[in-house]
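Below: one structure, written as structure tokens.
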Protein chains: 2
Amino acid sequence: MNQDRQTKKTTIYDLAELAGTSASAVSAVLNGNWRKRRISVQLADKITKIAEEQGYALNMQASLLRRDRSKIIGMIVPKYDNRYFGSIVESFENMARERGLFPIITCTRRDPELEVEAARTMLSYQVEWLISTGATDPDRITDICNAAGAHSLNLDLPGAKAVSVISDNFGGARELTRRVLLSYQRKFGSTSPLLFVGGRGSDHNTIERVRGFRAAHEDLGIAVDERHVLTCGYAPEKAESSLAALAASEGELPRGMFVNSTISLEGVMRWIKTSHHYDNRTPVIGCFDWDPFAALLGGDIEMVRQDVQGMLDAVFEIIDTGSSANKVIQIAPVFMSA
Amino acid sequence: MNQDRQTKKTTIYDLAELAGTSASAVSAVLNGNWRKRRISVQLADKITKIAEEQGYALNMQASLLRRDRSKIIGMIVPKYDNRYFGSIVESFENMARERGLFPIITCTRRDPELEVEAARTMLSYQVEWLISTGATDPDRITDICNAAGAHSLNLDLPGAKAVSVISDNFGGARELTRRVLLSYQRKFGSTSPLLFVGGRGSDHNTIERVRGFRAAHEDLGIAVDERHVLTCGYAPEKAESSLAALAASEGELPRGMFVNSTISLEGVMRWIKTSHHYDNRTPVIGCFDWDPFAALLGGDIEMVRQDVQGMLDAVFEIIDTGSSANKVIQIAPVFMSA
DNA sequence: CAACATTGCTCAATCGATGAAGCAACAATT
DNA sequence: AATTGTTGCTTCATCGATTGAGCAATGTTG
């Protein structure tokens, strides 16, 4: 394998020698502004041909060192384990490439130290922008970016020191809760407060969603049961053990739920299946997030899909224009009819 | 926002001036080999302190240009829309970082042109290794890497020109098919050939899985129905319309299925739900891939989980040692009990 | 035909970090 | 006192691409 790899890479100097010309001319031809530099078409063709024959590849490090803009744009993302972050990353890459930017993405597993380390590394690579997606400490990253002369932006979770593009968590949660409460009423003929499961009590999105959850209850004149707000973290296992604990201490759990992410929903559904707590008592569920399989699970699951395209449109508008009037841009999520 | 960003970035020359020393000393201190270069502890401390105060960040482009190794490792990946690729990417990042390598990943959406363009771009960034995951034309990428003096490796789908680490598709499919056939027999008291749905007839994995599918049928003395091998592509919509077409032309479809990926399964489940074809006739299904929600769908879904950790262990063993005896390394997938 | 413009290129400095080579200053050894 | 060794730095060339300045060789104009 790989036995025919060259030891040394071809540079513009090698090409210049082969073409009997100067490195300067080669550079001009290969980076496209040879017209401006008055290189003849003949020489340009010759150089292009030789470059292709030699399999020449630009050394971006050398090029970037000399140029003023790197055109590199970084993103940190917590996980790759759900559709939401997956489609954020995929769209981000496409939109960056469309603009001639080179995207680099790093997964930081909700680890504050890793986030900072990743940010520093990206800055070493001269990123012009750094998008912190769902970061645990976005302001720290903004500070680091500012110190290094790079732009920064928060996505999904807001920070105080940079523009933030987030879902309308309050509005979305309020509407989702309202729908589940009404569906409950329609189905079971009575009203009842819902169970809230998943997310961290300290994170902005969860706080806002709980607020929307409460607002919807209040709208319909239903009192929230405080013991039933389980902000136990996002991991499936957390949701699972949290439900198990509550069921152990309370007996029967409500037949209506607000689940704070598909990740938590994973644990909820697993618990429902293994505990048999809801056998023959199928609950109505609202989930703040969307997954194609979860949508097919049957029963009564209503999902809100965060508007990834809308959020990234907002992100790139800021990047394209260089600034934004608002500090926090809220994008309304989309309701999927199950 | 961002009003306090500096115009110029701090360099080692700035630090040298502030510390009243030379850039060379600053460089030695900051990259850690100041002991070897006989810099005094006092000066090292002083420089470190000033660097921190100034928020100095190394210019990786300049550093890389000078150094022999870039320690950058690239991966191209088809999509971020399922657990398989998601966990490949996440593990890849972790394992690369553990080794002091800088991972860059690009999603190429199964587009051959994008794959090539992405490979070229990564080579410009001086990647030492390029891992082609599920690439449509891995050999082309290997050629490009060879020409540029970079190592390459195939993951998930094999190529002829570089070492390939893939799942044992034949073995896995054979065992999965066997299980589904037996489950069919147990459940319905008779035997019947299964339906094969999803994947591309031209890709290696699909070919091997169809081969395993046939072998398992043969093992049990069941004849495969050739019209029931639907290698219609991976996209959910393809699976959906393919099933609809078959049902339209054939009437009742078999109650046993082999689905070639969770992506295709998404279409299959949607069709089952919307068409009502299988209402009160729940089929037994085997899926070559795993998804937590799909696993909870109920009914009889058996899933094989590809051994991502095992595959990446093999990948990094090659990277660590620099070579491999085998051209194709097959990793057995793991059977999940539903 | 002199003066000037245009064409088609080359030269050389530059980006920031790195490290081999070298050089003072002082210490240790003969 | 002369030699050798050690410490603690600095100088400078270098990596490969870019670009302003400059320079011959032509072409054009009055």
Side-chain angles (χ1 to χ4, degrees), chain A residues 6-47 51 54-72 121 123-126 128 148-149, chain B residues 6-47 51 54-72 121 123-126 128 148-149:
Chain A
Q6 307 157 221
T7 340
K8 218 67 197 75
K9 297 193 177 177
T10 312
T11 71
I12 51 169
Y13 297 93
D14 302 327
L15 299 181
E17 191 156 356
L18 286 167
T21 180
S22 71
S24 175
V26 174
S27 170
V29 169
L30 297 180
N31 68 26
N33 52 24
W34 52 279
R35 286 235 101 97
K36 181 165 54 190
R37 290 189 57 103
R38 299 189 312 223
I39 305 290
S40 66
V41 188
Q42 294 91 290
L43 183 56
D45 288 348
K46 185 176 177 187
I47 289 174
Q54 300 295 314
Y56 170 79
L58 173 72
N59 182 326
M60 202 55 107
Q61 261 75 45
S63 177
L64 288 180
L65 179 57
R66 194 63 232 283
R67 285 178 356 211
D68 44 343
R69 292 193 50 194
S70 73
K71 300 202 171 192
I72 302 180
T121 308
L123 289 170
S124 285
Y125 283 91
Q126 312 299 109
E128 295 180 4
Chain B
Q6 307 157 220
T7 340
K8 219 68 196 74
K9 297 194 178 178
T10 311
T11 70
I12 52 169
Y13 297 93
D14 302 328
L15 298 182
E17 191 156 355
L18 285 167
T21 180
S22 70
S24 177
V26 174
S27 170
V29 169
L30 296 179
N31 69 24
N33 52 24
W34 53 279
R35 286 235 101 97
K36 181 164 54 191
R37 308 244 341 242
R38 297 187 317 220
I39 306 290
S40 66
V41 188
Q42 294 90 291
L43 183 56
D45 288 348
K46 185 177 179 188
I47 289 174
Q54 300 294 315
Y56 170 79
L58 174 70
N59 183 324
M60 204 54 110
Q61 262 77 44
S63 176
L64 253 37
L65 178 58
R66 195 65 233 286
R67 284 174 0 206
D68 45 343
R69 291 194 50 194
S70 73
K71 298 201 171 191
I72 301 180
T121 308
L123 289 170
S124 285
Y125 283 92
Q126 314 298 108
E128 295 179 4

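This structure is a prediction, so every number in the text was calculated from the model and none was measured.
Note that CG of B:Asn31 and CZ of B:Arg37 are 8.0 Å apart. Values are rounded to the nearest 0.5 Å. A:Ser27 OG to A:Tyr13 OH: the interatomic distance, rounded to the nearest 0.5 Å, is 8.5 Å. Atom CG of A:Leu58 sits about 10.0 Å away from atom OG1 of B:Thr121, to the nearest 0.5 Å. For the atom pair OG1 (B:Thr10) and CG (B:Asn59), the distance works out to 11.5 Å, reported to the nearest 0.5 Å. To the nearest 0.5 Å, atom CZ of residue A:Arg67 and atom CD of residue A:Gln126 are 12.0 Å apart.
Checking side-chain atoms of A:Lys46 against main-chain N and O of A:Ala19 turns up a donor-acceptor pair under 3.5 Å. In terms of modelled atom types and a separation under 3.5 Å, the side chain of A:Gln61 and the main chain of B:Met60 share no donor-acceptor contact.
Across the protein-nucleic acid pair, B:Gln54 atom CD and C:dG16 atom P stand 15 Å apart, rounded to whole Å. Per the geometry, CZ belonging to A:Arg66 stands 8 Å off C1' belonging to C:dA13, to the nearest Å. What separates CG of A:Leu65 from P of C:dA17 is a distance of 9 Å, to the nearest Å. One atom, OH of A:Tyr13, and another, C1' of C:dC11, lie 11 Å apart when rounded to the nearest Å. B:Arg67 has its CZ atom 9 Å from the C1' atom of C:dA17, to the nearest Å.
No engagement by A:Leu64 is indicated, since no non-hydrogen atom pair under 4.0 Å with the nucleic acid exists. Within 4.0 Å (heavy atoms only), A:Asp68 reaches no atom of the nucleic acid at all. If you check every strand for non-hydrogen atoms under 4.0 Å, A:Leu43 touches sugar and phosphate atoms only.
Nearer the 5' end of DNA chain C, as judged by each residue's closest nucleotide, is the contact made by B:Ala62, out of B:Arg38 and B:Ala62. Take the nearest nucleotide of DNA chain D for A:Ile12 and for A:Arg37: the residue whose nucleotide is more 5' is A:Ile12.
A sub-4.0 Å separation between OP1 or OP2 of C:dT10 and a side-chain N or O of A:Thr21 is present. Taking only side-chain nitrogens and oxygens, B:Asn33 comes nearer than 4.0 Å to OP1 or OP2 of C:dG19.
Heavy-atom contacts of chain B under 4.0 Å fall on DNA chain D between two terminal nucleotides, which in 5' to 3' order are D:dT7 to D:dG16.
Scanning all heavy atoms of the two residues, the minimum distance from A:Ala28 to A:Ile39 falls at CB-CG1, 4.3 Å.
Non-hydrogen atoms lying under 4.0 Å from DNA chain C are contributed by B:Ser24, B:Ser27, all within residues 22-30 of chain B.
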Exercise. Please walk me through it: do A:Thr11 and A:Asp14 pass side chain to side chain contact (heavy atoms under 4.5 Å, CB included)?
Worked result: CA-CA 5 Å; A:Thr11 71; A:Asp14 302 327; 3.5 Å; yes

